[in-house]
Amino acid sequence: MTRGLFITVEGPEGAGKSTILAELYNQLLQDGFEVIQTREPGGISIAEQIRGVILNTENTEMDKRTEALLYAAARRQHLVEKVMPALDEGKIVICDRFIDSSLAYQGNARGIGMEEVMNINQFAIEEKMPDLTLYFDIDPEEGLKRIAKHNGREVNRLDLESVEFHTLVREGYLKLIKQYPDRIQVIDASQSKEAVLTDAYEVVTSYLNK
Ligand code: TYD
């Protein structure tokens with residue numbers, strides 16, 4: 001039986017997710033919660049090695065199903081090695097991206113199909129879905145503009161995709177919001193950083209106080 005709370009954070013590129021996640025983590029720590037923050041793909045050595053292969057801009061020949069399987073493999077290892085043990089100890093786990101990223105990016109934007117991608121992921125996660133997902137919504141063009149301004153940020157293989165690709169990513173997320181209205185909470189990421197953080201904190205604390 002897991003006792004902790006599994007929160008995932010999702011959104012297209014440039015939604016400011018990682019910055020907000022770090023601040024949300026600090027606030028929850030200050031409130032006295034036992035909380036860890038982690039990310040996908042990565043978070044532990046094996047998954048970080050897989051991340052290196054997936055996101056390497058030189059790997060232009062990568063097949064889309066290979067890409068989906070590698071994300072699922074990284075997810076599996078990260079889940080059993082890091083997420084589940086922390087949840088078993090009763091901690092809050094905040095994870096930057098999880099299964100919804102695969103459904104939106106590989107399922108919808110790459111065109112494999114969201115159901116197909118869900119099927120391979122079910123093998124990886126054995127029904128362990130997040131308790132709560134924060135979706136940071138931003139217009140893809142606005143998000144890509146923000147990334148372009150953000151000098152020094154590592155540019156990965158998926159950042160190099162077109163605006164059309166990123167529009168399909170967002171479309172995928174919007175389908176997921178309809179499919180999982182209770183789990184996925186939408187946050188308007190076009191607001192100021194402070195307003196986005198306030199909204200994110202409110203969603204999490206109201207879930208905790210339920
Ligand atoms: P990262 O640099 O962590 O991007 P971001 O800051 O936008 O989260 O790189 C992760 C990339 O991998 C990002 O472009 C989204 C993509 N991704 C998928 O396509 N499928 C997945 O299942 C996951 C977890 C990530």
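In listed order, ligands and their atoms are each counted from 1. Below, each value reflects all heavy atoms present in this structure, side chains not excepted, and no hydrogens, waters or symmetry copies. This structure is a prediction, so every number in the text was calculated from the model and none was measured.
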Under a 3.5 Å cutoff, is there a donor and acceptor pairing between the side chains of Arg157 and Asn59? no

Min side-chain heavy-atom separation Leu103-Lys175 under 4.5 Å: no

Would you say Asp96 and ligand 1 have an N/O pair spaced under 3.5 Å apart? no

For Leu158, atoms of ligand 1 separated by under 4.0 Å from a heavy atom: 14 (O), 19 (O)

Do Glu10 and Tyr173 get their side chains close enough for a donor-acceptor pair, meaning under 3.5 Å? yes

Please confirm whether the ring centroid of Phe6 lies under 6.0 Å from the ring centroid of Phe98. yes

Between Glu81 and Ile44, which heavy-atom pair has the shortest distance, and what is it? OE1-CD1, 3.5 Å

Taking atom OG1 of Thr133 and atom CG of Asp182, what is their separation to the nearest 0.5 Å? 11.5 Å

Would you say the side chains of Arg97 and Tyr71 form a donor-acceptor pair under 3.5 Å? no

Looking only at protein heavy atoms, identify the closest one to atom 9 (O) of ligand 1 and say how far it is in Å. Asn156 ND2, 3.2 Å

Proximity to ligand 1 by part of Ile54, non-hydrogen separation under 4.0 Å: neither

Counting non-hydrogen protein atoms only, what is the nearest one to atom 14 (O) of ligand 1? Give residue, atom name and distance. Glu13 OE2, 3.0 Å

From atom 12 (O) of ligand 1, work out which of Tyr71, Phe98, Tyr105 has a heavy atom at the shortest distance. Tyr71

Who's closest to atom 5 (P) of ligand 1 heavy-atom-wise, of Arg75, Glu10, Arg97, Glu67? Arg97

If you measure from atom 19 (O) of ligand 1 to every heavy atom of Lys17, Gln106, Arg39, Arg51, which option wins on shortest distance? Gln106

Among all the protein's non-hydrogen atoms, which is closest to atom 6 (O) of ligand 1, and how far away is it? Arg153 NH2, 3.4 Å

Return the residue, atom name and 0.1 Å-rounded distance of the protein heavy atom closest to atom 22 (O) of ligand 1. Ser102 OG, 2.5 Å

